[in-house]
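Have a look at the structure below before the remarks.
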2 protein chains.
Amino acid sequence: MAVKSTAPPPLTPAVFHILLALSQGERHGYGIMKQVEADSRGAVAMGPGTLYGSIKRMIEAGLIQECDKRVDPEMDDERRIYYELTPAGSAALAVELQRYRDVVAVAQIRIVYGH
Amino acid sequence: MAVKSTAPPPLTPAVFHILLALSQGERHGYGIMKQVEADSRGAVAMGPGTLYGSIKRMIEAGLIQECDKRVDPEMDDERRIYYELTPAGSAALAVELQRYRDVVAVAQIRIVYGH
DNA sequence: TGACATATATCCGTAACGGATATACTGTTT
DNA sequence: AAACAGTATATCCGTTACGGATATATGTCA
């Protein structure tokens, strides 16, 4: 769906959830998956196809980037690749979140005051 | 994206916005388009391809149905086809709305208390 | 040692999106 | 009266996104 006058690449739900997960701090792929599940109380289950496909697109779009940071080198799994939000990613998340708030507010008014 | 343990057909943003528009009352295609735009403060622009494609799928899924109701026969355009929510559509909207609220709440906590 | 969770990643069929296009009526402007 | 913009429905089809299946390999626990 086209989104007017906001962030250039309109956010899909998968992209939005990944951004939200990374707003919690840097994560590796599997960690993002788990964070998305936690953030949605288990409602959203993201498969590996969606996850890694979205990550690739998001890096190309400049929303996220790989980061070198290794929290604990001793405990670390060498295979892990950590990702973090870019400023553009943070901005896109903020815009999308505001859209979510607006939609919830509109729906709330509709329910309370009965269309 | 898969959505666990809720409504059988996981809602795409287009489907969600159409359901929300119809929660306002019965609408014809073009009316849905305008309502979606209004509900999102002009942020979401749904093209005819997405609109009529989604309507077709939603009727098949039992989320909406055509209704005979003609508000004002004198003022009416014969071409108009009106749609309304089915009970299943209302239920799916309610579930999806709760997911939106949850996501907004999670994000809000993250912002206020800083991850 | 078998099973399960963690972890990354690709492949590819299916579904959804969305612009372009077509048609036609209505209402307003010049 | 002609021209234009807006309303209204609808299809076509290229592009994108989704997401299950699959592959591989390590860590962990009973």
Side-chain angles (χ1 to χ4, degrees), chain A residues 1-4 6 8-19 21 26-38 40 42-61 63-64 66-67 70-83 96, chain B residues 1-4 8-19 21 26-38 40 42-61 63-64 66-67 70-72 74-83 96:
Chain A
M1 207 167 2
V3 175
K4 277 179 190 163
T6 53
L11 305 188
T12 66
V15 168
F16 171 68
H17 279 282
I18 292 171
L19 289 178
E26 65 271 6
R27 291 277 187 288
H28 54 277
Y30 201 81
I32 292 170
M33 225 190 259
K34 291 291 145 189
Q35 189 64 50
V36 167
E37 229 176 283
S40 65
V44 177
M46 196 176 286
T50 303
L51 177 73
Y52 291 105
S54 297
I55 286 175
K56 199 178 176 184
R57 277 172 247 134
M58 290 169 79
I59 289 173
E60 277 162 23
L63 295 174
I64 60 173
E66 286 187 31
C67 64
R70 290 288 175 272
V71 189
D72 191 341
E74 304 266 345
M75 295 279 294
D76 195 48
D77 189 325
E78 273 306 315
R79 293 168 303 164
R80 284 181 174 172
I81 299 171
Y82 284 82
Y83 304 95
E96 193 71 357
Chain B
M1 207 168 2
V3 174
K4 278 179 191 164
L11 305 189
T12 67
V15 168
F16 172 67
H17 278 283
I18 293 171
L19 288 178
E26 65 270 5
R27 291 278 187 287
H28 54 277
Y30 201 81
I32 291 171
M33 226 190 257
K34 291 292 146 189
Q35 188 64 51
V36 167
E37 229 175 283
S40 65
V44 178
M46 196 177 285
T50 303
L51 177 73
Y52 292 103
S54 297
I55 286 175
K56 199 178 175 184
R57 277 172 246 133
M58 289 168 79
I59 289 172
E60 277 162 23
L63 295 173
I64 61 174
E66 286 187 31
C67 64
R70 289 289 175 273
V71 187
D72 190 343
E74 304 265 344
M75 296 279 293
D76 195 49
D77 190 324
E78 273 305 317
R79 292 169 305 163
R80 284 180 173 172
I81 299 170
Y82 285 82
Y83 304 95
E96 193 71 357

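As the structure is a computational prediction, the values presented were derived from the model and not from experiment. Naming convention: chains lettered A, B, ... in sequence-line order (proteins, then strands); numbering from 1 in each chain.
Of the candidates dT8(C), dA20(C), dT9(D), dT8(C) carries the atom nearest the Tyr52(A) side chain, counting heavy atoms from C-beta on. When distances run from any side-chain atom of Pro48(B) to the nucleotides dA10(D), dA16(C), dA5(C), the shortest one goes to dA10(D). Side chain of Tyr30(A), nearest nucleotide from dT7(D), dC17(C), dT6(C): dT6(C). Taking the side chain of Arg57(A) as heavy atoms from C-beta on, and the options dA17(D), dC17(C), dT6(C), the nearest nucleotide is dA17(D). Nearest nucleotide to the Ile81(A) side chain, out of dT8(C), dT9(D), dA17(D): dT8(C). Nearest nucleotide to the Thr50(B) side chain, out of dT9(D), dC17(C), dA9(C): dC17(C). In the set dA16(C), dC18(D), dT8(C), dC18(D) carries the atom at the smallest distance from any side-chain atom of Ser54(A). Nearest to the side chain of Tyr83(B), among dT6(C), dA10(D), dA9(C), sits dA10(D).
Partner Val15(B) forms a side chain to side chain contact (heavy atoms under 4.5 Å, CB included) with one of Leu63(B), Ile64(B), Ile55(B) and no other, that one being Leu63(B).
The nearest whole Å value for the distance from the CG atom in Leu11(A) to the P atom in dA16(C) is 20 Å. Between the P atom of dT6(C) and the OH atom of Tyr82(A) lies a distance of 14 Å, rounded to the nearest Å. Rounded to whole angstrom, the span from the CD1 atom of Ile18(B) across to the P atom of dT9(D) amounts to 13 Å. Atom CG of Leu51(B) and atom C1' of dA16(C) are 14 Å apart (whole Å). Rounded to a whole Å, the CE atom of Met46(A) is 17 Å from the P atom of dT6(C). Counting to the nearest Å, the C1' atom of dA16(C) and the NE2 atom of His17(B) are 15 Å from each other. We find that CD of Glu66(B) is positioned 11 Å from P of dT9(D), with the value rounded to whole Å. Between Glu60(B) atom CD and dA16(C) atom P the separation is 10 Å, expressed in whole Å.
Distance check: His17(B) NE2 to Ser54(B) OG gives 11.5 Å after rounding to the nearest 0.5 Å. Between Arg27(B) atom CZ and Ile18(B) atom CD1 the span is 13.0 Å, to the nearest 0.5 Å. Interatomic distance, Met33(A) CE to Thr50(A) OG1, rounded to the nearest 0.5 Å: 9.0 Å. Rounding to the nearest 0.5 Å places CD1 of Ile32(B) at 8.5 Å from CE of Met46(B).
At a threshold of 4.0 angstrom between heavy atoms, the contacts of Gly29(B) are confined to the sugar-phosphate backbone, with no base atom among them. At the heavy-atom level, Phe16(B) lies nowhere under 4.0 Å from the strands shown.
Each of Val15(A) and Met33(B) was matched to the nucleotide of DNA chain D holding its nearest heavy atom; the match closer to the 5' end belongs to Met33(B).
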